Number of protein chains: 2
Amino acid sequence: MAAMPTVTDVALAAGVSRQTVSNVMNSPGIVRADTRERVEAAIAKLGYRPHASARRLRTRRSSTIGIRLDPMIDGISGSVLDRFLHALTEQADRLGLRVLLFTATSPEDEITQLQRLNDGADVDGFVLTSTFAGDPRTEWLIENGISFVTFGRPWGTNDMNDPQHLWVDVDGWAGLHQATRAAQETGARRIGYIGWPSPSGTGEDRRRGWRDAMLERGDVTENDLAALEVVTVDGVAEGTAAMQELRRSAGVLDAVLCASDSLALGAMIANPDRVPVTGYDNTPIAAAIGLSSVDQSVEEVAAGVLELLTGEFGGHVSGAPESDEPRHRMVTPRLVVREFAAIPMDESA
Amino acid sequence: MAAMPTVTDVALAAGVSRQTVSNVMNSPGIVRADTRERVEAAIAKLGYRPHASARRLRTRRSSTIGIRLDPMIDGISGSVLDRFLHALTEQADRLGLRVLLFTATSPEDEITQLQRLNDGADVDGFVLTSTFAGDPRTEWLIENGISFVTFGRPWGTNDMNDPQHLWVDVDGWAGLHQATRAAQETGARRIGYIGWPSPSGTGEDRRRGWRDAMLERGDVTENDLAALEVVTVDGVAEGTAAMQELRRSAGVLDAVLCASDSLALGAMIANPDRVPVTGYDNTPIAAAIGLSSVDQSVEEVAAGVLELLTGEFGGHVSGAPESDEPRHRMVTPRLVVREFAAIPMDESA
DNA sequence: AAAAAAGATTTGATCGATCAAATAAATTCA
DNA sequence: TGAATTTATTTGATCGATCAAATCTTTTTT
């Protein structure tokens with residue numbers, strides 16, 4: 001409550017000028033050692049903290065990144081974004097960055113919010129989640145020259161290497177490839193897959209991981225694969241229905257892989273033969289139910305996002321864009337294998 | 001990208017002074033109508049947005065509230081806090097407030113963060129979640145005269161009415177009382193309860209809701225109640241174990257109420273007789289599984305929190321604390337009844 | 001040892017907005 | 001109508017920090 005001391009107070013106490021105090025905080029290297037110590041002592045004694053807004057006004061940098069808090073459709077898979085948000089906040093903090101939230105009701109509304117935060121100099125850049133093909137947000141941000149990184153690769157017409165679009169993503173192909181391999185190693189041959197309908201880039205990516213691993217091993221033909229696959233939108237009830245359909249179409253099943261934990265949980269419900277089910281996202285539900293699942297390392301994703309983002313606005317704005325360093329990061333997920341199902345369920349439907 | 005216009009630019013364009021532009025934005029009432037329109041036109045034409053940091057520096061107000069992002073222990077019940085965070089961000093936005101996140105590893109660490117954000121004038125106040133008895137954070141905040149509101153009542157020695165501690169909470173007693181009543185109305189008489197161990201204020205509150213409703217109706221005696229109750233820490237596996245114990249100790253059961261959806265999910269797993277189970281928090285899991293659950297209206301909580309918080313720092317700081325208006329809000333939860341269990345499970349353990 | 005170069009510190013201006021007090025304009029009153 | 005009010009608008013100072021350039025020190029070079 002006592003009025004916070006300012007640089008001037010510190011300067012007075014240390015017998016130096018304002019600027020020297022500022023230098024001690026921002027470029028300690030150029031201050032002589034003994035002077036620096038004296039200033040640091042004064043800072044500690046007075047309990048000085050730089051006034052964030054004053055600094056931002058002068059430096060024209062907010063040291064804040066904006067991120068939209070998604071409405072959390074599902075609540076199961078949604079938890080990945082929560083974990084990501086947590087990891088991001090934590091790591092941003094270590095870099096002296098703050099995380100500012102906002103919400104929006106539609107992509108158009110979101111653009112309005114992006115503009116508001118950017119124009120008000122509230123943020124230096126944005127982190128976008130849940131990207132989709134033809135995403136108007138990224139387009140707008142690029143047009144306006146605003147820094148951003150997406151969690152999720154650009155799914156449009158091969159703009160994966162657009163140098164203006166920085167992104168971090170998890171290699172869903174590798175995740176399902178690995179999960180399929182792991183199942184094969186336990187002796188499974190007929191491995192089913194419950195995935196998402198085609199327009200979803202993420203879904204297609206995961207699906208190919210399964211397909212490729214299946215074909216590589218050569219136990220099944222292209223034709224067999226069709227019967228081993230069911231496509232449905234995400235959800236627990238949908239997973240149950242898909243599992244029932246899969247059991248009809250596939251006959252014998254040695255294992256089932258799902259594009260999400262929601263689907264996997266649903267599949268478990270219609271699983272009287274106790275076929276091993278593997279989910280995706282390693283949500284708390286998977287842990288609680290004892291489901292194997294593919295874990296997206298949100299920490300790695302967060303680290304990548306921050307690296308790219310700070311490189312963008314922290315880096316020297318002018319000059320060559322150091323074109324040799326990669327403009328994206330692909331994180332390899334990790335299969336978490338769990339003892340199968342402490343939860344036998346049998347079905348009536 | 002083009003340099004943002006400032007008040008001066010707008011003033012020039014509208015043929016007025018800086019201050020008039022400022023007045024149009026902050027106290028439009030004192031500006032003559034025709035002048036105001038002229039200024040507004042200029043603002044629109046230039047696309048002017050006030051520079052947030054400059055304003056904050058001058059007004060000594062950040063219009064930002066800080067909230068700690070919890071590590072999400074469980075992921076199931078954790079989603080309540082996520083929903084709350086979402087509601088808070090959305091409603092704060094409407095009031096022109098921003099939500100800034102931070103993380104902390106312990107209450108002590110959290111105090112450090114609180115201080116950092118407060119001293120740097122990053123925030124005007126805080127929202128605390130997950131309060132507990134003897135919480136050092138609230139104590140520290142009060143000592144330092146920093147505005148805050150907690151989601152969760154103070155659980156310590158009856159400081160519920162401490163005028164310095166503003167809080168909003170959900171009436172767990174009412175929630176379980178209502179859930180018990182609802183079960184009784186379907187004809188259930190022997191209604192079990194799986195709750196949390198005693199030091200938890202929240203747990204005790206919910207438990208009493210069940211007990212009181214049971215005793216009020218008079219179907220059971222105090223003694224019967226002991227056999228109808230199991231206490232355990234939160235978790236899915238714990239819920240399963242508790243349900244097994246409950247079935248042993250209680251014999252016939254007409255319904256089971258749980259202190260959380262995690263416990264309820266666990267209980268469902270050891271529920272061959274398909275006894276109706278009711279959870280608490282109305283998480284997506286409850287919806288997915290078809291579990292009745294007590295819903296904490298996070299929107300109402302968020303509204304209450306913001307009302308109290310803005311009343312605190314938006315209100316005229318000096319003067320009498322308008323002692324007649326209540327310093328807290330108690331939100332009544334709502335029972336969401338679901339068709340019981342599309343999910344029959346049987347158990348082997 | 002004097003001149004040149006490098007290093008450390010200080011001074012004045014500035015970022016963009018609002019506050020407080022001063023001035024100008026419109027209104028009311030005698 | 002002219003003075004007294006009330007209402008609108010403007011001017012100068014300020015919030016707390018950093019930038020850019022100027023001054024003062026120290027070190028290096030010849």
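Protein chains get the first letters and strands the later ones, always in sequence-line order, with residue 1 at the start of each. As the structure is a computational prediction, the values presented were derived from the model and not from experiment.
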Side-chain N or O of B/S22 closer than 4.0 Å to phosphate OP1/OP2 of C/dT18: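 So the side-chain polar atoms of B/S22 do come within 4.0 Å of the phosphate oxygens OP1 or OP2 of C/dT18, strictly under.
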Phosphate contact (C/dT9 OP1 or OP2) by A/T20 side-chain N/O below 4.0 Å: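 So the side chain of A/T20 is outside the cut-off, no N or O lying under 4.0 Å from OP1 or OP2 of C/dT9.
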Go through [options] for me and flag the one nearest to the [X] side chain.
X     : options                : answer
A/S17 : C/dT11, C/dA17, D/dA17 : C/dT11
A/R55 : C/dA17, D/dG12, D/dT18 : D/dT18
B/L57 : C/dA8, D/dT10, D/dG16  : D/dG16

Name the nucleic acid region contacted by [X], choosing base, sugar-phosphate or nothing; use a 4.0 angstrom heavy-atom cut-off, strictly under.
X     : result
A/T59 : sugar-phosphate
B/R36 : nothing
B/V21 : nothing
A/T35 : sugar-phosphate

Figure out the [atom1]/[atom2] separation between [X] and [N], and round it to whole Å.
X      : N      : atom1 : atom2 : value
B/Q19  : D/dT11 : CD    : P     : 11 Å
B/N26  : D/dT9  : CG    : P     : 15 Å
B/R32  : D/dT9  : CZ    : C1'   : 9 Å
A/L46  : D/dA17 : CG    : P     : 12 Å
B/D122 : D/dG16 : CG    : P     : 15 Å
B/R18  : C/dA22 : CZ    : P     : 17 Å
A/R56  : C/dC15 : CZ    : P     : 19 Å
A/D9   : D/dC15 : CG    : P     : 11 Å

Non-hydrogen side-chain atoms of [X] and [Y] separated by less than 4.5 Å:
X      : Y      : value
B/T129 : B/D70  : yes
B/I65  : B/F126 : no
B/I67  : B/L101 : yes

Between B/R116 and B/Q113: side-chain donor-acceptor atoms closer than 3.5 Å: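 There is such a pair between these side chains.
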Any N/O donor-acceptor pair, A/R58 side-chain to C/dT14 base, under 3.5 Å: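 Side chain to base: pair present.
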Base C/dG16 paired with A/R60 side chain (donor-acceptor, <3.5 Å): no
Under-4.0 Å salt bridge between B/R56 and A/D122: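 Salt bridge: yes.
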5′-ward residue of the pair A/N23/B/V31 relative to DNA chain D: B/V31
